Structure formats: C-alpha cells, structure tokens
Amino acid sequence: VTGGSDKVVLSAQLDQIISYECFDPTVDFQVTVSINRWIGSPTNDPVNPDFVFDLQYPPVVSKTYTITGLSGTGVLPMIETVFTSTIDQPPPAYYWYILEVQFDVTGDLVIDTAEFNLRSLSAQVVKQ
C-alpha cells in the first residue's frame with residue numbers, strides 16, 4: 001500500500017472438518033476464522049536483508065462459531081467460512097494478509113484433527 005487512498009480488497013474461503021475427544025461431561029468450543037494483517041519492517045541486516053512481520057489488531061474481519069454441549073468423541077459438521085469483497089484501508093506500508101484459525105475451549109477437550117479442505121485468500125490493492 002503506497003498511497004493514503006489505496007484500498008485492499010480481500011476475499012477468502014475455508015472449509016474445515018474438526019474431530020475431537022471430550023473428557024468432561026459437556027464442553028463448549030469456539031472456532032474463530034480471521035483475516036489478519038501483519039505489517040512488515042526491514043531487518044536492516046546487510047548480510048541477510050529481510051522483513052519481520054508484526055500482527056496488527058483487531059483482525060480485518062473474523063467469524064466465530066460456537067459449539068456447545070460436546071461430549072465423547074466425534075466429528076463436527078463441516079464449517080464453511082466465506083469472506084467476500086472485504087475492504088481494508090490501512091496507512092501506507094508493506095503488509096502480509098493471512099487467513100488464520102483460532103480454537104478456544106472451555107473444559108477438557110482435545111482436537112484430534114483440523115482438516116482444511118477448500119482454502120483460499122485473495123488480496124488486491126486498488127489505487128485511487
């Protein structure tokens with residue numbers, strides 16, 4: 001992003017299937033899918049020039065799914081997340097956008113697998 005009026009148009013999709021083992025009678029569980037913006041800064045290393053990235057808060061966009069009353073062992077129905085034409089207008093800088101997943105559990109639950117099937121992220125800078 002090089003100008004103050006530049007916009008970033010983001011679209012993403014993620015299909016995930018989660019299997020679990022629950023060791024409490026009932027457990028509540030949240031899955032949050034987000035597009036996060038990371039800002040890049042040069043390392044100033046003359047031998048190995050590169051960038052380091054720092055996460056910026058809050059996420060550009062996110063969706064949270066709450067599943068309650070889990071027990072035993074099982075597989076959740078497919079969770080389909082779609083973000084379409086989300087517009088971000090950060091100040092000029094070097095950015096990296098990442099589609100990220102966070103699991104939050106209340107109780108004794110183990111996630112055995114988190115299978116990500118269809119997944120994509122598209123970012124386009126629109127100059128104004």
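Computed from a predicted model, the values in this text were never measured in an experiment.
- Nearest heavy-atom pair across Pro90 and Val1 is O-CG1, 3.8 Å.
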Which pairs would a plain distance check flag for residues 46-64, meaning a side-chain donor or acceptor within less than 3.5 Å of a matching protein atom at least two apart in sequence or in another chain?
unit_1	atom_1	unit_2	atom_2	d
Gln56	OE1	Arg37	NH1	2.6
Lys63	NZ	Val82	O	2.7
Thr64	OG1	Thr32	OG1	3.1

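- Residues meeting the side-chain hydrogen bond (donor to acceptor under 3.5 Å, both in side chains) test with Tyr95, sequence neighbours left out: none.
- Residues Leu10 and Ala123 share a closest heavy-atom pair of CD2-CB, 3.5 Å.
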Check residues 100-117 and write down every donor-acceptor pair under 3.5 Å in which the side-chain atom is one partner and the other belongs to a residue at least two apart or another chain.
unit_1	atom_1	unit_2	atom_2	d
Glu100	OE2	Asn36	ND2	3.2
Glu100	OE2	Trp38	NE1	2.9
Gln102	NE2	Asp104	OD1	3.1
Gln102	NE2	Asp104	OD2	3.0
Thr106	OG1	Asp28	O	3.2
Thr113	OG1	Ser19	OG	2.6

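- Among residues at least two apart or in separate chains, salt bridge (charged side-chain N to carboxylate O under 4.0 Å, His left out) pairs with a member in residues 1-23 are Asp6-Lys127.
- Neither Val9 nor Ile35 shares a network with the other; the hydrophobic side chains, linked directly or stepwise wherever heavy atoms of I, L, V, M, F, W or Y lie under 4.5 Å apart, form separate groups for each.
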Per-pair distances, 0.1 Å, donor-acceptor, side chain in residues 65-75, under 3.5 Å, sequence neighbours excluded:
unit_1	atom_1	unit_2	atom_2	d
Tyr65	OH	Glu80	O	3.3
Tyr65	OH	Thr81	OG1	2.8
Thr66	OG1	Gln30	NE2	3.1

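- The two residues Leu121 and Ala12 come nearest to each other via the heavy atoms CD1-CB, 3.8 Å.
- Residues Tyr94 and Trp96 share a hydrophobic cluster, clusters being chains of Ile/Leu/Val/Met/Phe/Trp/Tyr side chains in contact below 4.5 Å.
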